Amino acid sequence: MTDDPIVRCTDLRKDFAAVTAVDDLTIDIHDEFTSVIGPNGAGKTTTFNLLAGTLSPTAGRIELNGTDVTARGPESRVHHGLSRTYQITNLFDELPAFENVRLAVQAVSDVPYANVFADALSDQEINRRTTEILDLVGFEEDRTTAAENLSQGYKRLLEIAIALAPEPDILLLDEPTAGLAVDKKELVFDVVGDLANEYAVVLIEHKLDVVRDMSDRLVVMHNGQVLDSGPPEETLSNPAVQEAYLRGVTS
Amino acid sequence: MTPLSVGLGDLATTFVNGVSYGMILVLVALGLSLVFGLMGVLNFAHGALFMLGGYIGLAVMELTGGGITGFVLALIIAPLVVAAIGAGLERTVYKPLYDTEPIYQLLLTFGLAVVIEEAVKYIWGAAPPGVPPRPAVFDGAVVFMGISLPYYRVFTILLGAAVVAGTALFLSRTRFGLIVRAGVYNTDRTATLGLNVERAFTAVFGLGAFIAALGGVVYIYRAIEPSVGASIILPAFIVVIVGGLGSFWGSVIAGLLIGIIWQFAAVYAPVPAGTVIFLVMIAVLLLRPQGILGEAEVEV
Amino acid sequence: MSYFERSNELFESVKTPYIGATLLALVAAFPLVANAIGGLPFLTSIAIEMMIFAVFAMSFNLLVGYTGYVSFGHTVFLGSGAYMTAILMKKFSVPFIAAAPAAVVGTGLFALVVGGIAFRRSGVYFAMITLGVAQVFYTLFQSWNYVGGDTGIIIDPPVVFGYEFNPFEPMGYYYLALATVVVTYLFTRYLVRSPFGHVLQAIRENEERARAVGYSVRTFKLAAFSVSGGLAAVAGVLYAAYFTQVAPGSTLYWTTTGDGLFMILIGGMGTLVGPIIGSVFVIGTQYALSTYLVDFIPEGAPTLIARLPERWPLLLGLLFMLTVLRFRSGIAGGLGFSRVRSIDDVLARVSGSAEPDEAAVKSDGGDEK
């Protein structure tokens, strides 16, 4: 862990009409495993959307590896080392699983776009890299299957594989096990655990027991604000966190 | 007419013509905007329903022997028939596409517009239809402060205003209106409220078709012909964009505005009026994409 | 999955280049056959029209079928190509051989400007803005005397390297159009298989995700729109050269865009052969109904029967709607062509079971499953 944060948010704020979804969020994210927890509506996904550039903030500033990217769109942030998955699977539905990941690899490769006579599928370096990533996440299913025809579990894995393609410095995972059966959840969490060894991972997750053991750091969000952040045990023993989180969960 | 010879009377006449044409645009745009707001479908075939209203109105007038009685009956019956046709189309043709990609909805409504226009040509012929003489009641004009206002223009404006007021009351005072407004705001939420969204969709589609057909009947005495549907849809869409997609009052204000600009452009501009209002739309899109009354797009 | 997944025998056979070559040979020999059965000028002229609109539909398909954007104003680029050719030839005495490429490049640039405005919005907005642009030019050209108003511009048939094209002896036009179709087909085939073309399909499938993985989608969309417009201008150049009259009603009015959409959808959106099949089908149906069906209708038939032949768009419109509702892969899909490119070969090579062979990427005729 170095002193320079990968992500630095300063006074980040997002309003939807009269609702403030994220309220003056100031946080540094370092090269470690960070989990963001909090009740529904706490602003977790909105924060991800702000970090990834899917949404533009009402106010505040976002730096990636020291570069101010606040005004830049999602396509630019990938090139600055940030990549993300989506809570609701967001794939190239009709295209084969392999092509889904290959497109993401091609996006960060040096490719002759102006050459009409080049064949996209004949770049062996990109094909090799694509295969590597699919192997890495344990994608055992037929890779010619269209994304929309995959099972939920493999859709989640494909989500993660696409996000890994740019070899990001930081990987944002938005509830990667949402909607999965218990055994499939474990499979995906195994993959996430492995990734955490190689990447700085930020995970949004509802299940406290899972993230407690995996994470280096917990960020507890509530009503768009960070209630507390720090090592899991420390954070969870904070009475304010206990009260807010438990109340939020039961309400 | 050169600008030098323009008198106050000419300006006023052009203005009244603009308001009158604007009211017709409002009648088309209201349904377009409501349907888009509630279902997210931009109904390219909406202009064809307007045109169909005119033809069915003509048929009613023929059956009832014309005159003022025939015209009034046309104003009542044609919109009801077109509303039924619209509701039927919503059930059978549009419904299967709500869950698919917008590109297919767009293509479908385009195909439907062609089919309705061709069906009208098939049944009534491709040439502009013979129109019975306008009821004598509409001959003449009110003279107001030295400006002559033809009765038919006044009638168009009053009818439009009445429809706007009626629809506004309907949407704000009835339970059904509540469902529609909630649906325009958020379809998912409406569903969780336990409201019957499907029926609301059908009804709104029918309502939009009703209002458009009313406009079509009024248009009989302007220039009804099969291609009117395709030629009215672009200005109506411009109205909806300028007013703000899904905004009721936005459509009303923008409709009148575009109608007035259209008439002034037709009289004074060196380029066709269609070009002028299209440039207005481009300007709005570039400068204020959400339209006059539309809220800034909510990002989700 | 809404598209055909099956891999039937016909498809397997179409895959081979031999079938493609045979088809091409048959088409090339068509005028001789038409001559033999005594229908040369008429049948050949229909075939030429089919080929001109096949080029137009292929250009349109690049946008609609591959990038996922429906324009309601694509005919403005056909018109632009035709008018630029006619204006250059008529008003500036530029020879056809120079006017043609100028019209194509000029239209490509024009499309870049239109796209710059239209791509500020997506979906219905995009469709209506493009329609608006086309309608503006339609109404302007109708009332502009310099370009002949409603009648448009009438030019002389082109003369290329001493060869005089003759609309009444349409052989020259026939082979010019055929060559253009083949070149356009090959060009789009290479294009959609290039890295650029794959990005377009990513935008069609999921524009948000395409951005999120790092593509500047706006640049790709603009480039696609410009190329698509330029290709439509190729059809426009052919149109001007063959019909020798360029008028707003036939080249700028929205119904021409509609014909293009009919061709793409019914033929098979997002496949390479779909637009060609669609053009042959749509124009074929049109002539079959309006020219041949008339002979079968007895004199004094009831109006509704007598009107049938001229109402061919009604039939096509219903077919179009049915295609959108039920058979989205169109005729090409029914024949086994898929709009998703096969990656079997790539996987086989990557897995190492096959000999690594860089040049083995297939370039046979037809779309791959």
Side-chain angles (χ1 to χ4, degrees), chain B residues 32 36 40-45 89 92-97 100-126 227 230-231 233-238 240-241 245 270-279 281-282 285-286 289 297, chain C residues 2 64-65 68-70 72 117-118 120-129 131-144 204-206 253-255 257-259 261-262 264-266 269 303-304 307-308 310-326 328:
Chain B
L32 206 58
F36 184 85
V41 175
L42 188 104
N43 188 17
F44 193 78
L89 286 172
T92 52
V93 176
Y94 288 85
K95 203 176 153 197
L97 289 181
T100 59
E101 296 148 64
I103 185 174
Y104 292 114
Q105 300 170 357
L106 202 57
L107 289 169
L108 182 89
T109 67
F110 175 82
L112 186 61
V114 173
V115 166
I116 295 175
E117 179 174 332
E118 287 297 320
V120 164
K121 284 183 187 168
Y122 178 58
I123 298 170
W124 285 289
S227 64
S231 55
I233 192 72
L234 190 63
F237 180 79
I238 291 174
V240 172
I241 282 200
L245 264 181
V271 292
T275 308
V276 175
I277 60 162
F278 179 73
L279 293 177
M281 179 187 85
I282 297 285
L285 274 175
L286 299 184
E297 259 180 289
Chain C
S2 48
V64 180
Y69 272 79
V70 174
F72 281 165
I117 299 167
R120 292 179 76 95
R121 309 305 298 268
S122 61
V124 297
Y125 289 93
F126 177 83
M128 297 305 281
I129 296 168
L131 173 65
V133 171
Q135 288 295 94
V136 160
F137 279 94
Y138 169 66
T139 49
L140 278 179
F141 274 46
Q142 260 187 323
S143 56
W144 190 18
R204 174 190 76 197
E205 291 298 317
N206 190 339
Y253 197 50
W254 67 273
T255 47
T257 303
D259 291 343
L261 285 176
F262 283 5
I264 295 176
L265 253 289
I266 295 173
M269 187 166 82
T303 327
L304 286 190
R307 272 183 194 150
L308 269 177
E310 63 195 63
R311 292 279 65 83
W312 55 269
L314 179 60
L315 178 75
L316 287 175
L318 288 170
L319 249 178
F320 176 89
M321 286 177 64
L322 193 67
T323 311
V324 176
L325 285 168
R326 287 269 179 280
R328 285 192 200 145

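Just so you know, these numbers come straight off a predicted model, no measurement behind them. Numbers restart at 1 for each chain; the letters A, B, ... are given by sequence-line order, proteins then strands.
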### Message
I'd like to verify something: which residue of C:Leu314, C:Thr255, C:Ile129, C:Val64 has the highest number of heavy-atom pairs under 4.5 Å with chain B?
### Response
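Max contact count across the listed options: C:Leu314.
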
### Message
Whether the side chain of B:Tyr122 engages the backbone of C:Leu308 through a donor-acceptor N/O pair (distance < 3.5 Å, no angle test) should be reported.
### Response
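No, the answer is negative, given that no donor and acceptor are paired below the 3.5 Å cut-off.
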
What are the two closest heavy atoms between [X] and [Y], and how far apart are they?
| X | Y | value |
| --- | --- | --- |
| C:Leu131 | B:Phe44 | CD2-CE1, 3.9 Å |
| B:Ala230 | C:Trp254 | CB-CZ2, 3.1 Å |
| C:Phe320 | B:Leu107 | CE2-O, 2.9 Å |
| C:Gly132 | B:Leu234 | CA-CD2, 3.9 Å |

Region of [X] in contact with chain C, defined by heavy-atom distances below 4.5 Å:
| X | answer |
| --- | --- |
| B:Leu279 | neither |
| B:Pro96 | side chain |
| B:Glu117 | side chain |

Do the non-hydrogen side-chain atoms of [X] and [Y] ever get within less than 4.5 Å of each other?
| X | Y | answer |
| --- | --- | --- |
| B:Glu118 | C:Leu315 | no |
| C:Tyr125 | B:Leu42 | no |
| C:Val70 | B:Phe110 | no |

Pick one of side chain, backbone, both or neither for [X], based on which atoms fall under 4.5 Å of a heavy atom in chain B.
| X | result |
| --- | --- |
| C:Arg120 | side chain |
| C:Phe137 | neither |
| C:Ser143 | side chain |

### Query
Could you give the distance from CE (C:Met128) to CG (B:Leu106), rounded to the nearest 0.5 Å?
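C:Met128 atom CE to B:Leu106 atom CG measures 9.0 Å (nearest 0.5 Å).
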
### Message
Measuring from atom CZ of C:Arg328 to atom OG1 of B:Thr100, what distance do you get when rounded to the nearest 0.5 angstrom?
### Response
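Rounded to the nearest 0.5 Å, the CZ-OG1 separation comes to 4.5 Å.
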
### Option that, when pairs with chain C are counted at under 4.5 Å, heavy atom only, ranks first among B:Val41, B:Ile282, B:Leu112
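Looking at each option in turn, the highest pair count goes to B:Leu112.
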
